[in-house]
There are 2 protein chains.
Amino acid sequence: MNVRQKISAEDMRERILVVAEEHFRRIGYAKTAVADIAQAMGMSPANVYRFFPSKLAINDALCAKIMRETDALIMSIVERPAPASERLRALIVELHRHNKEKLTNEHRLFDMVEVAMEENWPAIEAHCECVVCQMARLVTEGIASGEFRPVDPADFAETAFNATAKVFHPTMIAQCARFGDDQEDHARRIADLILAALRP
Amino acid sequence: MNVRQKISAEDMRERILVVAEEHFRRIGYAKTAVADIAQAMGMSPANVYRFFPSKLAINDALCAKIMRETDALIMSIVERPAPASERLRALIVELHRHNKEKLTNEHRLFDMVEVAMEENWPAIEAHCECVVCQMARLVTEGIASGEFRPVDPADFAETAFNATAKVFHPTMIAQCARFGDDQEDHARRIADLILAALRP
DNA sequence: TTTCTGATAAAAATCGAAAATCATCATACG
DNA sequence: CGTATGATGATTTTCGATTTTTATCAGAAA
């Protein structure tokens, strides 16, 4: 029964997140109350708090769920059978494209991500760490294969990540998009810059 | 007399900007009306509009004046008697430090700059062009002296500038400052990254 | 003429208070 | 034990009235 309960509770959390995501998509992140979510599931608002300690916990959990999808994309790129340099380049360009696409097509949902970044929710920190970590992995592999000069992979990855803020950070993407910049080209060029810094 | 008039008008524009700057510093950018400026100068609000076509024109002109001070700092760095690599590094680190310091110490005045960036006022565009231009100059000189490998200076400078958004852009600086990041270290590392990309 | 002012239209910001909504919790119910 | 109700205090929203603010223009002053 202990197992049964755990499964059920975890299942309920998941179901709450699904309903929350629907509402965020439709109504917007700021406008949906936990009462809306509860009502849509035929339960009382108070009952939702049996599964999440606060609304922010719901938000963060949903944020984490969304970011995990992005992380999956990253992993799929990193695991491609290709030279490290090519994968690093693809990571930068495709992650930028992915972020920009989500930002424009799922605007409602990505309001939340922007707030999450401004307030540094745990889910965001985890995601950024994932990106840096995978970059470091590519750097390590590139060094091993002789494509890259020897550097400290973790340090270099962190700096490279910082250098891509212009094409990764939602605020920057939104701002540049308003001016009609060709950001995908920027992403490519920044990737080139990073790869140039890794030349042996 | 034509000359006299022109000097007088230009002088008046300058005096308006000085008064506007005082008010922005004290009361804040959003809270000062052109009536305040006019009153402080003992003239009617209407008369101000003889020298500036709109309030935004005043804002932009003042913004340009402020940015020109920053541009002067940049020039002074670029003209130092030192290797191009050292000057490029100093440019990145010191411009970051300058921006961050202004952002924290002259908060009231820099509200305006943040708005200006979000709305892409002409003064901002001119400033960014100045930064890129001076970076390009340093790249050119570094190539000539053999410090750097041959690249297209303008292209490279633009990309390098984009890569420094994290440590130059007011929004990013403010955000990172809130989390207590050591941004000056980030600036140094990004400078290293850029210099590494320029190795022969 | 040239330089400025006062009056003023239109748009926007501000304000305060009433009403509604919200997250959360203590407690009652099945 | 899991669930729901109802209450609470805090925040947010609403809305209409009032004030500011921007910007213009005819005409006074110099």
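What you see is a predicted model; the values in this text were computed from it and never measured. Convention: sequence-line order gives letters A, B, ...; per-chain numbering from 1.
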Send over the distance from [X] [atom1] to [N] [atom2], rounded to a whole Å.
X: B/Ile37; N: D/dT20; atom1: CD1; atom2: P; result: 18 Å
X: A/His23; N: C/dT21; atom1: NE2; atom2: C1'; result: 15 Å
X: B/Tyr49; N: D/dT24; atom1: OH; atom2: P; result: 8 Å
X: A/Asp36; N: C/dT24; atom1: CG; atom2: P; result: 15 Å
X: B/Phe51; N: C/dT5; atom1: CZ; atom2: C1'; result: 13 Å
X: B/Gln39; N: C/dC4; atom1: CD; atom2: C1'; result: 17 Å
X: B/Lys55; N: C/dA12; atom1: NZ; atom2: C1'; result: 12 Å
X: A/Arg13; N: D/dG2; atom1: CZ; atom2: C1'; result: 17 Å

Give a yes or no on this: more than 12 heavy atoms of other residues, nucleotides or ligands lie within 6.0 Å of atom CD of B/Glu184.
yes
inquiry  = More than 12 heavy atoms of other residues, nucleotides or ligands under 6.0 Å from CD of B/Glu119: yes or no?
reply    = yes
> Does A/Ser85 offer a backbone N or O that forms a donor-acceptor pair with the side chain of A/Glu147 under 3.5 Å?
Replying inline: yes
Check whether any side-chain N or O of B/Lys31 sits under 4.0 Å from OP1 or OP2 of C/dA13, and answer yes or no. no
Could you list all N or O pairs between the protein and nucleotides 4-11 of chain D that sit under 3.5 Å apart?
unit_1, atom_1, unit_2, atom_2, d
D/dA4, OP2, A/Asn47, ND2, 3.1

>> Please tell me whether A/Gln134 and A/Arg137 have a donor and an acceptor in their side chains that are separated by less than 3.5 angstrom.
In response: yes
Original post:
Regarding B/His186 and B/Asp181, is there a side-chain donor-to-acceptor distance under 3.5 Å anywhere?
Top reply: no
Residues B/Pro170 and B/Leu103: closest non-hydrogen pair is O-CD2, 3.8 Å
